[in-house]
Amino acid sequence: TMRIRIINANTSAAMTDKMGVAALNAARPGTEIIAVNPASGPITIESHFDETIAAVGVCEEIRAGEAAGTDAYVIACFGDPGLYAARELTNAPVIGIAEAAFHVASLIATRFSVVTTLSRTSIMAERLLHEYGMGNRCRKVRAAEIPVLALEHEADASYRLIEAECIRARDEDQIGAIVLGCGGMADLATRLSASIGLPVVEGVAAAVALAESLVTLKLQTSKFGDLAAPPAKPFTGEFARYSR
Ligand SMILES: NC(=O)NC1=NC(=O)NC1=O
């Protein structure tokens, strides 16, 4: 059976569990889902600094996954932190939930909008859209203006703010689909889609489906070029364990 490791890049265990449930709901019967998060790092990721620190933890979880045997990895944070470094560390496919959601949305609609958490993270989503060549497919990156942890601690109020932003996107942006811009929204897609009447693409589910497809196609991360294993060298201080 296929083993997919879902890496929540922040260190909030409740969010990891929520992502694990979303992944299991999306996975084929028989696919094994292992949902994990780093022991060290930010409890949520809402800035470039948070992403940089979290990327080290993502790489740690890839190394743990390699030791355990993993067929594919999902980086379950909407900034896709550490995506390229992670791809260097394994032969398995590594899928970021933002990249996955953008691709899946572009297969069902000519234009989509993203609804994310804090407006400062919407700028990060815009950067990813252009990095992935999807800038012309996304009409607008909107923010419900909620901190990521509010998805846990003020779930009802957060849902209402996200729903209202999805309705504005539906009515103003001339789009065919909505992309949820946070791994912490992994449990909201079905309810939101029923409420607003548009397809809602959620990144954890999209990434699991794409990961299973790549494994089925027997396609792995290419080791030709910049995703080859990092050159061996000494590392100093707390990173000495990375020396090769
Ligand atoms: N835009 C976001 O809210 N990104 C995220 N921060 C987290 O901690 N998880 C996410 O998906």
Side-chain angles (χ1 to χ4, degrees), residues 5-23 26 35-61 73-83 86 94-102 104-105 112-132 134 138 140-155 157-159 161-163 165-166 169 178-189 192 200-208:
R5 196 174 183 92
I6 311 293
I7 303 171
N8 172 20
N10 72 41
T11 58
S12 295
M15 234 173 266
T16 305
D17 295 344
K18 181 160 52 171
M19 294 166 182
V21 169
V36 297
N37 61 257
S40 311
I43 60 165
T44 56
I45 296 160
E46 300 170 315
S47 68
H48 298 289
F49 178 75
D50 294 347
E51 279 200 356
T52 299
I53 302 299
V56 177
V58 168
C59 291
E60 276 300 300
E61 284 305 324
Y73 296 90
V74 171
I75 299 178
C77 173
F78 206 73
D80 297 348
L83 179 64
V94 183
I95 315 271
I97 66 171
E99 188 174 24
F102 296 157
V104 167
F112 59 84
S113 284
V114 175
V115 175
T116 190
T117 52
L118 293 175
S119 46
R120 67 179 298 158
T121 67
S122 61
I123 291 148
M124 300 159 80
E126 285 162 9
R127 180 176 55 82
L128 286 183
L129 281 159
H130 289 97
E131 189 168 313
Y132 298 146
M134 289 272 174
C138 178
K140 191 166 189 178
V141 179
R142 292 171 169 269
E145 210 56 62
I146 52 171
V148 173
L149 266 194
L151 294 166
E152 298 296 306
H153 299 157
E154 288 100 47
S158 299
Y159 175 82
L161 289 169
I162 293 164
E163 185 185 53
E165 201 60 39
C166 289
I178 298 261
V179 165
L180 295 184
C182 178
M185 298 179 186
D187 58 335
L188 303 181
L192 282 166
V200 172
V201 177
E202 188 281 312
V204 174
V208 167

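Start at 1 and go down the list; that is how both ligands and their atoms are numbered.
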Q) So which residues, sorted by chain and number, lie with a heavy atom under 4.0 Å of ligand 1? A) N10, T44, I45, C77, F78, T116, T117, T121, V148, G181, C182, G183

Q. Looking at CD1 of I75 and CD of E61, how far apart are the two atoms once the value is rounded to the nearest 0.5 Å?
A. 11.0 Å

**Q.** Residue list, ring pair (Phe, Tyr, Trp, His ring centres under 6.0 Å) with F78, at least two apart or on another chain
**A.** F102

Q: Using the test salt bridge (Lys or Arg N to Asp or Glu O under 4.0 Å), find all partners of D187 that sit at least two apart in sequence or belong to another chain.
A: K18

Q. Does a side chain donor of either N37 or T16 reach within less than 3.5 Å of an acceptor in the other side chain?
A. yes

Q. How close do L149 and S12 get, heavy atom to heavy atom, and via which atoms?
A. CD2-OG, 4.0 Å

Q. Residues two or more places apart in sequence or in another chain: which of them pass salt bridge (Lys or Arg N to Asp or Glu O under 4.0 Å) with E145?
A. none

